[in-house]
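All values derive from a computational prediction rather than experimental measurement. First the proteins, then the strands, lettered A, B, ... as listed; each starts at 1.
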Protein chains: 2
Amino acid sequence: MLKYSRQRESIKSYLDTHRTHPTAETVYLDIKQEFPNISLGTVYRNLNLLAEMGEILRISPGNGPDRYDGNAAPHYHFICTRCGRVLDIDLDHQSQLDELAGEHFDGKIVSHITHFFGLCPECKLNN
Amino acid sequence: MLKYSRQRESIKSYLDTHRTHPTAETVYLDIKQEFPNISLGTVYRNLNLLAEMGEILRISPGNGPDRYDGNAAPHYHFICTRCGRVLDIDLDHQSQLDELAGEHFDGKIVSHITHFFGLCPECKLNN
DNA sequence: ATCCGTGCAAAGAATTTGCATACAT
DNA sequence: ATGTATGCAAATTCTTTGCACGGAT
C-alpha cells in the first residue's frame, strides 16, 4: 500500500508549480530549502513512483539527465540543441499517428512520444 | 583530418548489415570476433564520430543503453515496453510536423524524432 | 615525420539500491 | 504493530577520457 509522505507531496507540488521540466537534481536542490535533510535517492524514488502512477511525465532528452513534467497529459516537447532547455510545444497530440504506425506493424502500438529539436527563442536571438 | 581506421570501417559495415539497432556493447562483442583487441572505448568513439558525421543514427530509448542504426535516413522506431526490442516503423517521416509545431513557437524547429511504444509482434503473442 | 586512432584502465555522470531508522497507517 | 518511506552511502550502469603506443597519411 502506498503511504503518504510529505516529501512526495512536496515533489509533486513543486512540479505542478514549476513548468521548467527540471532534472531530479534541480528538484532535489530546490526542495532542500523546505526539507534540508531530503536525499537525492528519495527524490529519484518518488519521481519514479509518480511517473509509474501516471501523475507526472518523464522526459528523456537523449542527452543529459532525464527531465520531469508535472503535466501528465500527453503533449510534445521541444529540446534546444544549443542550451538544452526543454519547452512545451503547443500542438495537439497526434493520436492518429498510433493508428498510422500500426498499419504495417504486426505488434500492438499503445502510444508515442515526439521530441522536436532546434533553437529555443532565446538561443535563436543570441545566435 | 579524419583518418581511415579498420575498426571504424568494421563498425559501419556491421551496422549496415545488422538492422537490429544494437547497443554499443553488442557491436563491441560481435566485432570482437574480427578484432579481438578492440576496446569498448573505441567502439563508443567511432559510434559518436559516425553519428556526428550523419552516417548512422543514435536512438535513445529513454531506458537502458543507446541503440545505433546504420540507416541514417530519418525514420521512426518502435520500442517494445516488454522486451526492449527496437524495430523500424514503416511510416513516412512526417516532416510537416516541424512546421505545425513551429506555428505557435518562437524558436526555430529543425527536426523531430518519434518513438512508438507497445508490444512487439513476438511479445504480443506470448502475452 | 606528423598526428590521428587505438587499447587500456580509470574517471565521470546519472541513477539505483541495501540497510537501519523514522514515520504513516 | 506493522510495514512503507527516508537518509545515507555504496553500488551499478552507461559512457567518456587521459595517456602511451601503433598506424595512416
Rounded interatomic separation in angstrom, taking [atom1] from [X] and [atom2] from [N]:
X: Ile38(B); N: dG7(C); atom1: CD1; atom2: P; answer: 5 Å
X: Gln7(A); N: dC23(C); atom1: CD; atom2: P; answer: 9 Å
X: Phe35(B); N: dG7(C); atom1: CZ; atom2: P; answer: 8 Å
X: Ile31(B); N: dG5(C); atom1: CD1; atom2: C1'; answer: 15 Å
X: Arg6(B); N: dG7(C); atom1: CZ; atom2: C1'; answer: 13 Å

**OP:** Heavy atoms only: give me the nearest Leu57(B)-Asn71(B) pair and the separation to one decimal.
**Re:**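 Residues Leu57(B) and Asn71(B), closest heavy atoms: CD2-O, 3.5 Å.
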Original post:
Reckon Asn46(B) has a side-chain N or O less than 4.0 Å from the OP1 or OP2 of dT6(C)?
Top reply: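 So the side chain of Asn46(B) is within the cut-off, an N or O lying under 4.0 Å from OP1 or OP2 of dT6(C).
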Original post:
Taking only residues at least two apart or on different chains, which pairs with a member in residues 117-127 of chain B satisfy salt bridge (Lys or Arg N to Asp or Glu O under 4.0 Å)?
Top reply: Arg85(B)-Glu122(B)
Original post:
Going by the salt bridge (Lys or Arg N to Asp or Glu O under 4.0 Å) test, which pairs reach into residues 26-49 of chain B, not counting sequence neighbours?
Top reply: none
Original post:
According to the interplanar angle, ranging from 0 to 90°, do the rings of Phe117(B) and His115(B) count as parallel (below 30°), tilted (30 to 60°) or perpendicular (above 60°)?
Top reply: perpendicular
**OP:** For Ser5(B) and for Arg8(A), locate the closest nucleotide of DNA chain D by heavy-atom distance; then report the residue assigned to the nucleotide nearer the 5' terminus.
**Re:** Arg8(A)
Subject >> Donor-acceptor contact below 3.5 Å, side chain Arg67(B) vs main chain His21(B) >> reply: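 Looks like yes, one N/O pair under 3.5 Å.
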**OP:** Determine which pairs satisfy ring pair (Phe, Tyr, Trp, His ring centres under 6.0 Å) with at least one residue from residues 89-113 of chain B, sequence neighbours left out, and list them in order.
**Re:** Phe78(A)-Phe105(B), Phe116(A)-His112(B), Tyr76(B)-His93(B), Tyr76(B)-His112(B), His93(B)-His112(B)
Subject >> All pairs passing ring pair (Phe, Tyr, Trp, His ring centres under 6.0 Å) where residues 38-75 of chain B contributes a residue, at least two apart >> reply: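 Every ring pair (Phe, Tyr, Trp, His ring centres under 6.0 Å) pair that includes a residue of residues 38-75 of chain B, provided the two are not neighbours, is His75(B)-His77(B).
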**OP:** Scan nucleotides 14-20 of chain C nucleotide by nucleotide, 5' to 3', and note B when protein non-hydrogen atoms come under 4.0 Å of the base, S if they reach only the sugar-phosphate, - if neither.
**Re:** SBBBB--
Subject >> Polar pair under 3.5 Å, donor/acceptor by atom type, side chain Lys3(B), base dC3(C) >> reply: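 Looking at the base of dC3(C), it does pair with a donor or acceptor on the side chain of Lys3(B) (distance under 3.5 Å).
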Original post:
What is the 5' to 3' range of DNA chain D, first to last nucleotide, that sits under 4.0 Å from any heavy atom of chain B?
Top reply: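 Contacts span dC14(D) to dT25(D), reading 5' to 3'.
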Original post:
Should Asp69(A) and Asp88(A) count as side-chain neighbours, where that means a heavy-atom distance under 4.5 Å?
Top reply: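 Result yes, sub-4.5 Å side-chain heavy-atom pair found.
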**OP:** Side-chain contact test, heavy atoms from C-beta onward, threshold under 4.5 Å: evaluate it for Cys123(B) versus Thr81(B) and give yes or no.
**Re:**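 They are not in contact (no side-chain heavy atoms under 4.5 Å apart), so the answer is no.
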